[in-house]
Amino acid sequence: MKTKKHIECLRNIGIIAHIDAGKTTVTERILYYTGRSHKLGEVHDGEAVMDWMADEQERGITITSAVTTCQWKNKEIQLIDTPGHVDFTIEVERSLRVLDGAIGVFCAVGGVEPQSETVWRQADKYGIPKMAFINKLDRIGANFLTVVDMMKTRLGASPLIIQIPVGVEDQFTGIIDLVTMQQIEWDTDVLGSTFQYMKIQDNMLEEANSHREKMIESLADVDDTIMEAYLSEESISESDLIAAIRNATISLKRVPVMCGSALKNKGIQPLLDAIVNYLPSPYDVPPLHGFSPETNEKIACPPDESAPLAALIFKVSMMEGRKLSYVRIYSGKIESAQDVFNPIQNKKEKLSRILEMHANKRKRIQDAGAGKIVGVVGLKFSGTGDTLNTPGKPIILERIDSYEPVISAAIEPKSHADEERLKDVLVKLSEEDPTFKTYEDEETGQTIISGMGELHLEVLVSRMEREFNTRVRVGKPQVMYRESIDKTAVGGATFDKEIAGQHHYAEIRLKLTPLKRGTGNQFLSSLPEESLPENFIAAVRQGVMESLESGVVMGYPVLDVHTELIDAVIRDSQSTELAFKVSASMACKDGLQAAQSFLLEPIMKVEVIVPEAFMGDVIGDINSRNGKIIDIEPRKGVQVIKTVVPLSQMFGYSTSIRSATQGRGTFSMHFSHYDRRQK
């Protein structure tokens, strides 16, 4: 069947890594060598195809995940280049949600850095088969085997070395393929487009044989065919090795490790071969399951174009003022001008256009089937995480996890014209980015924007001006605190009022208990089932949860509280759901006051890389910011300081570290946990 064959030829993959590991450069080389682009786009020149936004080109970083499609050896590769900066981690999360495979890019000098760990664990969460590409082997301080060891210790991965470098730093000339046992050298004068397979040079043969033996031993542990051949000391064919590596990768038992230097145009064509050979098609991964909104039963979504439609909107973007939705089709098929049904919003929608994406360029297509990732135009009500179905055959796919903002700032429009546009612009940006929140402060009347970090807010403000022609003044960034309680307490309240001619009465007592940090909020009714109708218990639960959205210290959301309904009084014909909801909210506030509420602040995990000569100054600065040093790890020529620091103390740290280290220190940070605010 033609459609099945086509789906088997699909590879939906993402490039994931820490900032500056070389993801976008790897992607640009993939596009060039597959013939998708005819010029090498360089990140440092602001000419990368995938970094098309003005802010990306100026800053030299990826901000938004970009989708493209290219061909290699009769296989279609749908590729997403994801951001490496922690402020844009939602872009990685929602991309990984719809991918079948991922390539982790690691810098041969920096190794497994903090955001590499974060994105790797995100991929683990979705059970995505992965490969590793150790990049920048031409850099001073590069060490291939050290990075492999870091993959084991930091990621808990089982790396399978299938290539080794020939030389490192300025002596890096090529790679040895341990599957074919050949050396690959690139012609540097033609941008790496041509390369030769040759006999392994004599001084590398012993090392290559040793690594090949370890590769076969590792595969023998997880593959019966290799095990039998290994134990009987038979020669193992190239095709058997490829099949074994593919099975070990797809079953998540091994992570093939390759190497190269994307900037120097070395190692990309063998990486493309590995994508085709080892990463799965939509047929090779277990089919996604959704559930019926009517019966709640589990429903499989096989990669079959004749099955009912199940497609997930994983991203929404504004392109030239129009709403563009990125969709992964798991089963079924979509066609231009087709009616689809969104069971989450309970709305019918029409797909006016279907687009094949190439970064910010797009080509109109008539239809797209299972396994494809496409852009669609025409959806009015649907947003990120919604499912699209065949009308009359509803199925809901699991939604995408989001993240709560940790930083906020007040903004105000610069002119009356800006004020008129602002509300509309904020709605559009919120639709695009689930980690961007906005609200109006009731006390001051200011518009507050919240996000994942200083850079996140900077980029959003820049986009307001560049894309939407809306200029704003921005206040100093503020930390998004949370609240919790110190002890167990009981709160009570009575609601007894006449509203619009109807009497509403409820009396509630709640017991509030602090929970371990990170547990979340819980609700339980300990009343006998017959004493309070289920609809009143649901109203109490709703009142409690709404009350916990705004604490009694400074109005921040309350975390880690167990609320127990211990008493309720009903009056016949007077008790209503409204009364129980309001009295529950009042009783919860009363309990929060009695339980000694306090502020929690976001604590960031910070990794600082500094030359040894500046260690003392940097550690002194961290201590002055109430930071706690967790570990100091020596690396070639530098020291890596791992620490946790309150976010409130980290504003302006990039300037401080530059001045303390004469511009030679770097740092990365990401959210770790909430903890009690220090006075």
Side-chain angles (χ1 to χ4, degrees), residues 403-408 437 439 441-443 448 450 477-495 506-527 537 539-568 580-606 623-630 643-651 669-679:
Y403 297 86
E404 285 302 312
V406 295
I407 191 170
S408 65
K437 302 276 174 30
Y439 65 95
D441 188 309
E442 291 178 7
E443 290 181 16
I448 308 294
S450 307
Q478 302 290 321
V479 175
M480 293 287 286
Y481 293 101
R482 297 289 184 268
E483 298 181 18
S484 194
I485 59 174
D486 222 9
K487 64 172 192 174
T488 299
V490 173
T494 302
F495 186 79
E507 190 176 332
I508 288 290
R509 284 183 77 230
L510 301 170
K511 182 180 172 186
L512 276 60
T513 309
L515 294 173
K516 187 180 171 189
R517 200 66 58 238
T519 308
N521 292 327
Q522 299 173 356
F523 175 82
L524 172 75
S525 170
S526 59
L527 299 180
I537 293 175
V540 171
R541 180 196 298 272
Q542 188 182 355
V544 166
M545 291 306 173
E546 286 181 8
S547 182
L548 292 176
E549 289 173 11
S550 173
V552 296
V553 182
M554 290 177 68
Y556 291 107
V558 181
L559 299 181
D560 307 328
V561 173
H562 177 83
T563 309
E564 184 181 353
L565 174 59
I566 56 173
D567 193 19
F580 272 95
K581 180 182 166 186
V582 175
S583 63
S585 179
M586 291 160 59
C588 187
K589 287 282 190 280
D590 184 49
L592 290 173
Q593 292 280 9
Q596 296 180 357
S597 290
F598 60 88
L599 279 184
L600 293 166
E601 63 181 339
I603 306 295
M604 311 304 283
K605 192 182 271 185
V606 183
N623 288 335
S624 72
R625 296 171 185 270
N626 293 332
K628 291 177 188 166
I629 307 292
I630 296 168
T643 175
V644 287
V645 191
L647 175 61
S648 57
Q649 302 294 319
M650 288 300 290
F651 293 131
M669 72 174 181
H670 61 276
F671 174 74
S672 172
H673 62 282
Y674 277 97
D675 209 344
R676 185 185 278 253
R677 186 189 181 193
Q678 301 298 313
K679 291 284 192 273

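Only heavy atoms go into these numbers, but all of them, side chains included; no hydrogens, no water, no symmetry mates.
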Working to the nearest 0.5 Å, report the span between [atom1] of [X] and [atom2] of [Y].
| X | Y | atom1 | atom2 | value |
| --- | --- | --- | --- | --- |
| Arg676 | Phe598 | CZ | CZ | 4.0 Å |
| Asn521 | Ser484 | CG | OG | 8.0 Å |
| Ile603 | Asn626 | CD1 | CG | 9.0 Å |
| Ser648 | Tyr481 | OG | OH | 4.5 Å |
| Glu546 | Arg541 | CD | CZ | 13.0 Å |
| Leu510 | Ser547 | CG | OG | 9.0 Å |

If you define the side chain from C-beta out and look only at heavy atoms, does anything of [X] sit under 4.5 Å from [Y]?
| X | Y | value |
| --- | --- | --- |
| Thr494 | Glu507 | yes |
| Val553 | Leu592 | no |
| Ile407 | Val479 | no |
| Leu647 | Phe671 | no |
| Met586 | Phe495 | yes |

Lys437 (side chain) donor-acceptor with Ser408 (main chain) under 3.5 angstrom =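 Between the backbone of Ser408 and the side chain of Lys437 there is no qualifying donor-acceptor contact (under 3.5 Å).
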Within the distance-only criterion (no hydrogens, no angle test), does the side chain of Gln542 pair as donor or acceptor with the backbone N or O of Lys581 below 3.5 angstrom?
-> no
I need the minimum non-hydrogen distance between [X] and [Y], along with the two atoms involved.
| X | Y | result |
| --- | --- | --- |
| Asp590 | Val490 | OD2-O, 4.3 Å |
| Cys588 | Leu512 | O-CD2, 3.9 Å |
| Leu565 | Asp567 | CD1-O, 3.5 Å |
| Leu527 | Ala568 | CD1-CB, 3.8 Å |
| Gln593 | Val552 | NE2-CB, 3.8 Å |
| Ser550 | Lys589 | O-NZ, 2.7 Å |

List the steps and the verdict of side-chain hydrogen bond (donor to acceptor under 3.5 Å, both in side chains) for Ser526 and Glu564.
-> CA-CA 7 Å; Ser526 59; Glu564 184 181 353; 3.0 Å; yes
Please table the atom pairs, donor to acceptor, closer than 3.5 Å between any side-chain atom in residues 556-563 and protein atoms at least two apart or in another chain.
from   : atom 1 : to     : atom 2 : distance (Å)
Asp560 : OD1    : Gly518 : N      : 3.4
Asp560 : OD1    : Thr519 : N      : 3.2
Asp560 : OD1    : Gly520 : N      : 2.8
Asp560 : OD2    : Arg517 : NH1    : 3.0
Asp560 : OD2    : Gly518 : N      : 3.1
His562 : ND1    : Gln522 : OE1    : 3.1

Crowding at CZ, Arg509 (>12 non-hydrogen neighbours, <6.0 Å) |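 No, not enclosed.
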